[in-house]
Amino acid sequence: MNTILVTGSAGFIGFYVSKALLESDHTVIGYDNLNDYYDPELKKSRIRILMNYRNYIFYKADICDTRKLNDVADKYQIDVIIHLAAQAGVRYSLEYPEKYINTNIIGTFRILELCRTHRIGHLMYASSSSVYGDSGEEKLRPDLKTDFPVSLYAATKKCDEVLVHTYCNNYKLNAIGMRFFTVYGPYGRPDMAYFTFVDKILHNKTIELYNYGRQERDFTYIDDLLDGVIKLFYYHQTVKAGTGSYIIVNIGNGNPVQLMTFTNLLEKITGIEARKILCEKRTGDVEHTFADISALQKLCDYHPETDIEQGLRHFYDWYKDYYLQK
C-alpha cells in the first residue's frame with residue numbers, strides 16, 4: 001500500500017479523495033490550513049469523518065510553510081502527492097489577488113520542490129476548467145491553447161500547469177494535471193451556485209442569474225469526479241518512475257447545463273419557486289464549459305453516471321440532513 005500526501009484534505013474534493021484512498025487501505029497524510037474562505041466548521045466536519053480511519057494522519061499547516069512540509073516528508077516515506085490545496089473562487093480572486101498568488105502559485109512551487117528534494121516521483125494535481133477562458137470552442141479539449149484566461153484564479157491554475165511541466169522536464173517527475181469541471185455534491189463548497197441557490201430558495205432570498213441565465217456549465221457530480229481521480233491514481237502507478245511523464249486531462253460530465261435549467265431543477269426538487277433576477281454577465285465569468293473527456297476515457301475507462309437532477313437531489317437530501325435537522 002502507498003503513503004499519499006493529500007494537500008487540501010479538509011476541502012470538498014480532498015475529503016472524498018482521502019476517504020476513498022483510506023478505504024483501500026492506503027495511508028493518507030492530510031494537510032490543510034483550515035482557512036476561513038468558507039465556514040471552517042464544514043471543513044472540521046469532514047476531518048472528523050476522516051479521523052475515524054486508523055491510517056489517516058492530519059497536519060494543520062499552510063501549503064507555503066516549507067519547514068512543515070519538509071518535516072512531514074522527513075517523517076514519512078511519501079510515494080505520491082495529490083495536490084488539491086488552493087485558494088478557490090473566480091470572483092474572490094478579483095478582490096484578494098495576493099491570496100491566489102501565494103496559495104496557488106507559491107504553494108504549488110513548494111510542493112514541486114518537495115518532490116525534487118525528497119525524490120517523490122509521482123504527483124497528481126488539481127487544475128481547472130477555468131484555464132480555457134472563452135475559447136470559442138464548443139468542446140474543451142486538453143490540447144487546446146489556454147493562453148488567455150479571463151480571471152486571476154484561472155491565470156494561477158495555468159501557471160501551475162506550466163510550473164509542473166517544467167519540473168517534469170527538468171527533474172523527471174511524473175505528473176498528471178486534472179482540470180476539474182464545476183464539481184458539486186454533499187459536503188460541497190458553500191460558495192458554489194448550487195449551494196447558495198438552495199440556501200436562498202429555502203430562505204426566500206433573491207437569486208441573481210448572471211448572463212440572463214444563459215451561461216452553461218458542465219456540472220460534475222462528486223462521485224463521478226472521484227471515480228476519475230481514483231482511476232487516474234492507479235493508472236499513474238503503472239507509469240515507470242523517473243520518466244518525466246506529463247499529461248493533462250479533463251474530469252467532467254460531458255453534458256453542459258444552462259443556468260436557467262439548473263435553477264428550474266432546484267425549484268422542482270425543493271418544491272419552492274425561486275425569486276429570480278436576470279443580470280448581465282460578470283467580470284471573470286466564461287460563457288460555457290463543456291468537457292471533452294475522451295482522453296480520460298481512453299486512459300482509464302471513465303464514464304460518469306450521474307445526471308444533474310439526480311445529483312442535485314442527492315445534494316439537497318444531504319443539505320436538509322446537515323443544516324435543517326440541527
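- Rounded to the nearest 0.5 angstrom, His165 NE2 and Leu173 CG are separated by 11.5 Å.
- No donor-acceptor distance shorter than 3.5 angstrom exists from the side chain of Ser245 to the backbone of Asn174, with no hydrogens or angles considered.
- Distance check, rounded to the nearest 0.5 Å: CD1 of Ile293 to CG of Asn253 gives 7.0 Å.
- Residues Lys320 and Leu202 are not in side-chain contact: their nearest non-hydrogen atoms beyond the backbone lie 4.5 Å or more apart.
- Counting heavy atoms of neighbouring residues, nucleotides and ligands inside a 6.0 Å radius, atom CD of Glu273 does not exceed 12 of them.
- A donor-acceptor distance shorter than 3.5 angstrom exists from the side chain of Thr108 to the backbone of Asn104, with no hydrogens or angles considered.
- Using cut-offs of 30° and 60° on the angle between ring planes, the pair Tyr319 and Tyr316 is parallel.
- Shortest non-hydrogen contact noted between Ser45 and Arg48 is OG-NH2, 3.1 Å.
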Please list, one pair per line, the donor and acceptor atoms closer than 3.5 Å that link side chains of residues 72-79 to other protein atoms, with sequence neighbours excluded.
| from | atom 1 | to | atom 2 | distance (Å) |
| --- | --- | --- | --- | --- |
| Asp74 | OD1 | His118 | NE2 | 2.8 |
| Asp79 | OD2 | Thr3 | N | 2.8 |

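- Note that CG of Leu299 and NE2 of His236 are 11.5 Å apart. Values are rounded to the nearest 0.5 Å.
- Under 4.0 Å is where a charged nitrogen must lie from a carboxylate oxygen, and between Glu267 and Lys276 at least one such pair does.
- Ion pair Glu41/Lys44 flagged as a salt bridge, since at least one NZ, NE, NH1 or NH2 atom sits closer than 4.0 Å to an Asp/Glu carboxylate oxygen.
- Side-chain atoms of Leu123 and Ile111, non-hydrogen and from C-beta on, do get closer than 4.5 Å to each other.
- Cluster membership for Leu140 and Leu296, using ILVMFWY side-chain heavy atoms within less than 4.5 angstrom, is not shared.
- Residues Phe315 and Tyr194 bring their aromatic ring centres within 6.0 Å.
- Formation of a donor-acceptor pair under 3.5 Å by the Lys43 side chain with backbone atoms of Asn35 is found in this model.
- Of all heavy-atom pairs between Gln297 and Tyr302, the closest is CG-O, 2.8 Å.
- Checked by atom type, the side-chain pair Ser9/Tyr56 shows a donor-acceptor distance below 3.5 Å.
- Using a distance-only test at 3.5 Å, with no hydrogens or angles considered, no donor-acceptor pair links the side chain of Asp218 to the main chain of Thr289.
- Remark: the backbone N or O of Phe181 is paired with a side-chain donor or acceptor of Thr220 at under 3.5 angstrom.
- Side-chain polar atoms of Lys157 and Ser127 form no donor-acceptor pair below 3.5 angstrom.
- If you look at Tyr96 and Tyr100, their ring centroids are not closer than 6.0 Å.
- To the nearest 0.5 angstrom, Asp191 atom CG is 12.0 Å from Asp39 atom CG.
- Between His314 and Tyr221, the angle of the ring planes lies from 30° to 60°, which puts this pair in the tilted group.
- For the pair Arg179 and Tyr132, the cation-pi criterion (under 6.0 Å, within 45° of the ring axis) is fulfilled.
- A salt bridge links Lys19 with Glu23: the closest approach of a Lys/Arg side-chain nitrogen to an acidic carboxylate oxygen falls below 4.0 angstrom.
- One N or O on the side chain of Asp62 and one on the backbone of Cys64 form a donor-acceptor pair closer than 3.5 Å.
- The backbone N or O of His26 sits nowhere less than 3.5 Å from a side-chain atom of Ser24 that would complete a donor-acceptor pair.
- Under the 4.5 Å side-chain heavy-atom criterion for grouping Ile, Leu, Val, Met, Phe, Trp and Tyr, Phe180 is connected to Phe195 within one hydrophobic cluster.
- Note on ring orientation: taking the six-membered ring where Trp is involved, the planes of Phe219 and Phe262 are parallel (angle under 30°, cut-offs 30° and 60°).
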